[in-house]
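Given the structure is predicted, the values throughout are model-derived calculations rather than measurements.
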Amino acid sequence: MKNNEELQKSVQDAIYWEPLLQKARITVVANNGVVTLSGVVDHYAKKAEAELVAKYLAGVKSVITGISVVSHEKDQRTDVEIKAAIENVFKWHWDIPTERVHVAVEDGWVFMTGELEWNYQKEAAKNAVTNLIGIKGITNNINIISCSKDSLEKKDIELAIQRNNAIDCKNIGVYVLNNVVTLTGHVDSWYQKCESARIAWNAPGVVEVRNDLYVEFDE
């Protein structure tokens with residue numbers, strides 16, 4: 001397992017390897033697998049990218065993001081302009097039921113609410129907004145309300161996770177109650193934790209996935 005200094009350097013090197021982040025002012029602190037990112041970037045997409053890069057590195061258990069977004073003057077947008085841009089970009093996404101997603105913008109921060117049938121639609125809404133100019137952050141409070149009449153089977157989710165060769169599933173427990181899936185146990189990486197949840201979300205009828213997996217590395 002990497003010590004704090006080694007993990008800090010690994011995260012720093014990975015962040016600055018990304019073309020989008022080479023000129024970003026991001027500070028990295030590592031403490032027992034917990035990575036804290038701070039600094040200032042000029043676009044929200046850079047903040048999101050830095051967090052994603054850090055999460056998927058070997059040795060990282062969790063990421064705390066304290067990066068601020070300060071747009072250049074030429075990239076600053078009013079809340080009204082940002083909201084209009086979001087509504088326009090949604091029109092170009094077949095996977096986002098625009099009539100069921102409500103958007104509000106306050107001081108550059110985007111708040112999304114509404115009810116959708118699938119989690120991939122919720123993620124698509126967030127991803128569509130991420131690269132827009134002028135936004136400072138995103139709060140995605142869209143709820144998943146399933147219309148599926150299929151019964152949610154624990155075994156189906158377990159088999160789906162087992163089919164993924166990237167996941168060491170022997171220490172993952174799956175529990176289902178009232179269309180809520182809970183994942184317990186431990187995995188070897190943050191990637192495996194996120195991928196397990198993504199697979200669970202794909203089951204018809206799921207309205208919530210509680211990802212209680214923790215990341216544990218072999219010594």
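- Without hydrogens or angle criteria, Glu81 side chain to Thr78 main chain gives a donor-acceptor distance under 3.5 Å.
- When each of Ile167, Val187, Asp212, Asp188 is checked for a side-chain contact (heavy atoms from CB on, under 4.5 Å) with Lys193, only Val187 meets the rule.
- Sorted by first and then second residue, the pairs that involve residues 106-117 and meet salt bridge (Lys or Arg N to Asp or Glu O under 4.0 Å), not counting sequence neighbours, are Asp107-Lys136.
- You'll find the side chain of Ile172 reaches within 4.5 Å of the side chain of Leu213, heavy atoms only.
- Between the CG atom of Asn211 and the OG atom of Ser196 there is a distance of 7.0 Å, given to the nearest 0.5 Å.
- Val206 and Ala200 get closest at one heavy-atom pair: CG2-O, 3.5 Å.
- Tyr191 approaches Ala166 most closely through the heavy-atom pair CE2-CB, 3.8 Å.
- Pro97 is listed as a side-chain neighbour of Leu116, based on a closest heavy-atom distance under 4.5 Å.
- Smallest separation of non-hydrogen atoms from Ile157 and Ala203: CG1-CB, 3.9 Å.
- Listed for the Ser10 side chain is no donor-acceptor partner under 3.5 Å among the backbone atoms of Glu6.
- For the pair Val174/Val181, a side-chain contact is recorded, criterion being any heavy-atom separation below 4.5 Å from C-beta on.
- Between the CD1 atom in Ile144 and the CG atom in Asn119 there is a gap of 5.0 Å [rounded to 0.5 Å].
- With a 4.5 Å cut-off between side-chain heavy atoms of Ile, Leu, Val, Met, Phe, Trp and Tyr, the cluster of Phe111 takes in Trp109.
- A 4.5 Å side-chain heavy-atom check between Val28 and Leu37 finds at least one atom pair inside the cut-off.
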(request) Begin from the C-alpha positions of Lys47 and Glu51 and carry the test salt bridge (charged side-chain N to carboxylate O under 4.0 Å, His left out) through to its verdict. (result) CA-CA 6 Å; Lys47 176 179 178 177; Glu51 182 177 5; over 6 Å; no

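- The hydrophobic side chain of Tyr175 is isolated, with no ILVMFWY side chain under 4.5 Å apart from it.
- The salt bridge (Lys or Arg N to Asp or Glu O under 4.0 Å) test applied to Lys91 returns no partner, not counting sequence neighbours.
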(message) Quick one, Val69 with Ile135, criterion side chain to side chain contact (heavy atoms under 4.5 Å, CB included). Give me CA distance, side-chain angles, the key distance, then yes/no.
(response) CA-CA 8 Å; Val69 179; Ile135 69 171; over 6 Å; no

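- Not a single salt bridge (Lys or Arg N to Asp or Glu O under 4.0 Å) links Arg25 to another residue, sequence neighbours left out.
- Taking CD of Gln12 as the start and CG of Leu57 as the end, the distance is 11.5 Å to the nearest 0.5 Å.
- Atom CD1 of Ile145 sits about 9.0 Å away from atom CZ of Arg100, to the nearest 0.5 Å.
- Residues Ile161 and Cys169 approach most closely at CG2-CB, 3.8 Å, considering heavy atoms.
- Residue pairs meeting the salt bridge (Lys or Arg N to Asp or Glu O under 4.0 Å) criterion with at least one partner in residues 156-184, sequence neighbours excluded, are Lys154-Glu158, Asp168-Lys170.
- Rounding to the nearest 0.5 Å places CD1 of Ile67 at 4.0 Å from CD1 of Ile26.
- For the atom pair CG of Leu20 and NZ of Lys46, the computed distance is 6.0 Å after rounding to the nearest 0.5 Å.
- For the pair Glu195/Arg198, a side-chain contact is recorded, criterion being any heavy-atom separation below 4.5 Å from C-beta on.
- Remark: Asn88 CG is packed, more than 12 non-hydrogen atoms of other residues, nucleotides or ligands lying under 6.0 Å away.
- Side chain of Asp79 to main chain of Gly108: a donor-acceptor pair is present (N/O by atom type, distance under 3.5 Å, no hydrogens or angles).
- For Asn141 (side chain) and Thr113 (main-chain N/O), no donor-acceptor pair under 3.5 Å exists by modelled atom type.
- For Lys55 (side chain) and Trp190 (main-chain N/O), no donor-acceptor pair under 3.5 Å exists by modelled atom type.
- Side-chain contact between Phe90 and Val103 is present, with heavy atoms from C-beta onward closer than 4.5 Å.
- Val215 and Val29 sit in two unconnected hydrophobic clusters of ILVMFWY residues. Membership requires side-chain heavy atoms under 4.5 Å apart, directly or through other members.
- Taking a 4.5 Å side-chain heavy-atom cut-off between Ile, Leu, Val, Met, Phe, Trp and Tyr, the cluster of Ile64 extends to Val34.
- Pairing each heavy atom of Asn32 with each of Asn4, the nearest pair is N-OD1, 2.8 Å.
- Checked against side chain to side chain contact (heavy atoms under 4.5 Å, CB included), Lys126 has the following partners two or more places apart in sequence or in another chain: Tyr44, Met112, Thr130, Ile138, Asn140.
- Ring pair Trp94/Tyr120 is tilted by interplanar angle, where 30° to 60° counts as tilted.
- Considering all non-hydrogen atoms of both residues, Ser146 and Gly205 come closest at OG-CA, 3.1 Å.
- Taking Glu49 as the reference, nothing meets the salt bridge (Lys or Arg N to Asp or Glu O under 4.0 Å) condition, with sequence neighbours excluded.
- In the hydrophobic clustering (ILVMFWY side chains linked at under 4.5 Å, chained through shared members), Val180 is joined by Val207.
- Taking His93 as the reference, Val89, Asp95, Ile96, Ala128 meet the side chain to side chain contact (heavy atoms under 4.5 Å, CB included) condition, with sequence neighbours excluded.
- In this view, Asp75 satisfies the salt bridge (Lys or Arg N to Asp or Glu O under 4.0 Å) rule with no residue, not counting sequence neighbours.
- The main-chain N or O of Lys61 is never found under 3.5 Å from a side-chain atom of Tyr214 such that the two would form a donor-acceptor pair.
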